[in-house]
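Counting begins at 1 with the first residue of the sequence. Atoms within a ligand are numbered from 1 in the order they appear, just like the ligands themselves. Any value given below was found using the heavy atoms of this structure, including those in side chains, with hydrogens, waters and symmetry copies removed.
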Amino acid sequence: MEQTAANLTDTHQRVIRYLRISVTDRCNLRCRYCMPPEGVPDLRHEDILRYEELLRCARVAVGLGIHKVRITGGEPLVRKGLVSFIGALADMGGIRDLALTTNGLLLRPYAADLKAAGLQRVNISLDTLRRDRYTHITRRDALPAVLDGITAAREAGLEPVKINVVVMRGVNDDEVIDFARLTLADPLIVRFIELMPMGAGEWNGGDDFLPGEEVLARLRSAFTLRKSDDGSDPARADRLYRLAGAAGQIGIIAPLSHHFCRLCNRLRITPDGCLRTCLFSETETDLKPVLRGGGSDEDLAALFRRSVREKPTGHGRIAGAWQKCCTNMSRLGG
Ligand code: SAM
Ligand code: SF4
Ligand code: SF4
């Protein structure tokens with residue numbers, strides 16, 4: 001394992017390389033599993049980090065060995081000035097992989113500018129290919145705009161485009177095969193993700209939960225599936241497969257039933273400036289007192305190191321013994 005003085009290493013010898021920055025808790029959709037129809041109470045404007053503050057955090061993190069950064073939210077594209085922020089991150093140097101997670105609704109107007117600013121790729125969340133169902137799940141009639149956003153991302157060269165599908169029993173699980181077929185002709189990576197019990201999102205006592213293994217079994221009953229993971233990134237969240245002759249790939253992300261905590265190399269910053277070392281642990285370190293109280297970059301780095309040292313081993317959640325995470329996904333960014 002690579003070890004330098006600058007490394008962020010936790011007590012389980014996991015080296016943290018990956019920072020997810022949630023730039024806003026606001027969103028233009030209302031996905032059922034993420035928030036209620038009325039949305040969640042907005043963070044106070046003054047609590048949200050300014051872009052300069054986020055850039056400072058990113059610079060310190062890169063100095064500590066972070067080389068992969070993902071921008072998320074809420075919906076990151078609803079925050080004004082995002083393209084310039086991404087440009088500043090790209091220009092900073094040291095980030096080898098700069099990506100964005102989005103619901104895709106605003107990609108048509110922004111994709112080309114994002115690419116020009118230095119964004120490398122996008123993950124687009126899309127749980128159904130049926131318009132009425134999309135409206136049901138997200139509470140907005142936006143499927144045509146999202147599909148056009150996917151086209152825009154590919155035209156702009158934000159590739160490989162990954163499509164994130166949260167699979168829910170009795171809601172969209174009958175579309176697993178249709179989604180997999182998309183990878184035959186197009187070089188898309190379609191990733192099936194397990195539903196998680198998060199904050200104010202709907203959970204229905206776990207009735208809608210469908211384990212990744214079941215998705216895999218359904219795929220195997222319809223296609224010949226080959227493992228296509230090249231093993232180059234052991235910390236990746238998805239297990240990768242390819243259908244025979246397909247241009248694209250299929251991923252299975254099973255955070256609950258097949259969690260990858262042992263290899264987890266990620267760290268999150270919330271829009272209000274809290275460091276979170278595990279999606280499911282409510283423990284956070286507020287960076288604002290140092291950021292806004294005249295602290296130095298070394299003070300900030302010390303907070304990063306201390307927080308990482310306390311990174312939990314994992315979530316320890318077992319299928320059937322669900323425990324809901326109190327924090328809203330729209331603040332954590334997935
Ligand atoms: N708004 C953007 C989007 O939807 O892509 C970025 C933020 S969203 C919180 C990030 C990811 O979290 C999305 O892929 C979304 O589907 C996923 N997500 C939100 N709530 C979830 C839940 N309860 N279970 C599983 N995934 C969830
Ligand atoms: Fe918005 Fe993403 Fe949450 Fe859906 S999952 S409500 S798009 S933040
Ligand atoms: Fe990492 Fe926590 Fe998710 Fe496990 S549950 S993979 S430790 S963020």
request  = To the nearest 0.5 angstrom, please state how far the CG atom of Leu119 sits from the OH atom of Tyr110.
outcome  = 14.0 Å
ask   = Do we see a donor-acceptor contact under 3.5 Å between the side chains of Asp127 and Tyr33?
value = yes
inquiry  = Which residue in the set Leu129, Ile250, Ile163 passes side-chain contact (heavy atoms from CB on, under 4.5 Å) when paired with Leu182?
reply    = Leu129
inquiry  = Starting from atom 6 (C) of ligand 1, what is the nearest protein heavy atom, named by residue and atom, and what distance separates them?
reply    = Gly74 O, 3.2 Å
inquiry  = For a quick check under 3.5 Å, do Arg268 and Ser22 share a side-chain donor-acceptor pair by atom type?
reply    = no
query = Taking C-beta and beyond as the side chain, do Leu100 and Leu82 meet within less than 4.5 Å on heavy atoms?
reply = yes
inquiry  = Within the structure provided, determine whether Thr277 and Ile16 are in side-chain contact (heavy-atom separation under 4.5 Å).
reply    = no
task = Please could you name the atoms of ligand 2 that Cys27 approaches to less than 4.0 Å, counting only its heavy atoms?
result = 1 (Fe), 6 (S), 7 (S), 8 (S)
key: Side chain, backbone, both or neither: the part of His12 lying under 4.0 Å from ligand 3 by heavy atom   = neither
note = re atom 6 (S) of ligand 3, the protein heavy-atom contact at minimum distance is Phe260 CE1, 3.4 Å
Pairwise distance CZ(Arg305) to OG1(Thr9) - rounded to 0.5 angstrom = 10.5 Å
inquiry  = Tell me the protein heavy atom at minimum distance from atom 3 (C) of ligand 1, and give that distance in Å.
reply    = Ser125 OG, 3.3 Å
query = Relative to the heavy atoms of Thr72, which atoms of ligand 1 are at a distance of less than 4.0 Å?
reply = 6 (C), 7 (C)
ask   = Counting each atom of ligand 1 from 1 as listed, which ones have a heavy atom of Asn103 under 4.0 Å away?
value = 2 (C), 3 (C), 5 (O)
task = Assess whether atom CZ of Arg292 is packed by more than 12 heavy atoms of other residues, nucleotides or ligands within 6.0 Å.
result = yes
request  = Do me a favour and list the nearest non-hydrogen protein atom to atom 21 (C) of ligand 1 with residue, atom name and distance?
outcome  = Tyr33 CD1, 3.4 Å
key: Side chain proximity check, Thr102 to Ile124, heavy atoms < 4.5 angstrom   = yes
ask   = Under 4.5 Å between any side-chain heavy atoms of Pro271 and Arg331, yes or no?
value = yes
query = Just heavy atoms, cut-off under 4.0 Å: does Val166 contact ligand 1 by side chain, backbone, both, or neither?
reply = side chain
note = for atom 4 (Fe) of ligand 2, nearest protein heavy atom and its distance come out as Cys31 SG, 2.3 Å
ask   = What atoms of ligand 1 come closer than 4.0 angstrom to any heavy atom of Glu194?
value = 25 (C)
query = Which residue holds the protein heavy atom closest to atom 10 (C) of ligand 1, what is that atom called, and what is the gap in Å?
reply = Gly333 O, 3.6 Å
query = Which ligand 2 atoms are under 4.0 Å away from a heavy-atom of Gly74?
reply = 8 (S)
query = Any Lys/Arg nitrogen of Arg239 or Glu213 sitting under 4.0 Å from an Asp/Glu carboxylate oxygen of the other?
reply = yes
message = Applying a strict under-4.5 Å side-chain criterion to I, L, V, M, F, W and Y, I'd like to know whether Val308 and Val290 cluster together.
response = yes
query = Does ligand 1 have any atom sitting under 4.0 Å from a heavy atom of Leu195?
reply = yes
request  = Check whether any side-chain heavy atom of Arg121 lies under 4.5 Å from a side-chain heavy atom of Arg70, and answer yes or no.
outcome  = yes
request  = Tell me yes or no: between the side chains of Asp272 and Thr270, is some donor less than 3.5 Å from an acceptor?
outcome  = yes
remark   = Closest heavy-atom approach to atom 7 (S) of ligand 2 among Asn328, Ile137, Asn103, Thr101 is made by Asn103
ask   = Among protein heavy atoms, which lies nearest atom 19 (C) of ligand 1, and at what distance?
value = Met329 CG, 3.2 Å
ask   = What do we get for Thr102 next to ligand 1 when only non-hydrogen atoms under 4.0 Å count, side chain, backbone, both or neither?
value = backbone
request  = Provide the number and element of each atom of ligand 3 under 4.0 Å from a heavy atom of Arg268.
outcome  = 8 (S)
message = I'd like to check Lys227 versus Asp229 (side-chain heavy atoms, cut-off strictly below 4.5 Å). Are they in contact?
response = no
note = Note: ligand 1 atoms sitting under 4.0 Å from heavy atoms of Gly73 are 7 (C), 9 (C)
request  = Write out the residue and atom name of the closest protein heavy atom to atom 22 (C) of ligand 1, then the distance separating them to 0.1 Å.
outcome  = Met196 O, 3.6 Å
Side chain to side chain contact (heavy atoms under 4.5 Å, CB included) evaluation trace for Phe85 with Leu54 = CA-CA 9 Å; Phe85 173 60; Leu54 286 172; 3.8 Å; yes
request  = Would you mind telling me if ligand 2 is within reach of the side chain of Cys34, the backbone, both or neither, using heavy atoms under 4.0 Å?
outcome  = side chain
Leu279-Leu263 co-clustered via ILVMFWY side chain contacts under 4.5 Å = no
message = Give me the residue, atom name and distance of the protein heavy atom closest to atom 11 (C) of ligand 1.
response = Gly334 CA, 4.3 Å
Metal environment of atom 2 (Fe) of ligand 3, protein N/O/S under 2.8 Å = Cys278 SG
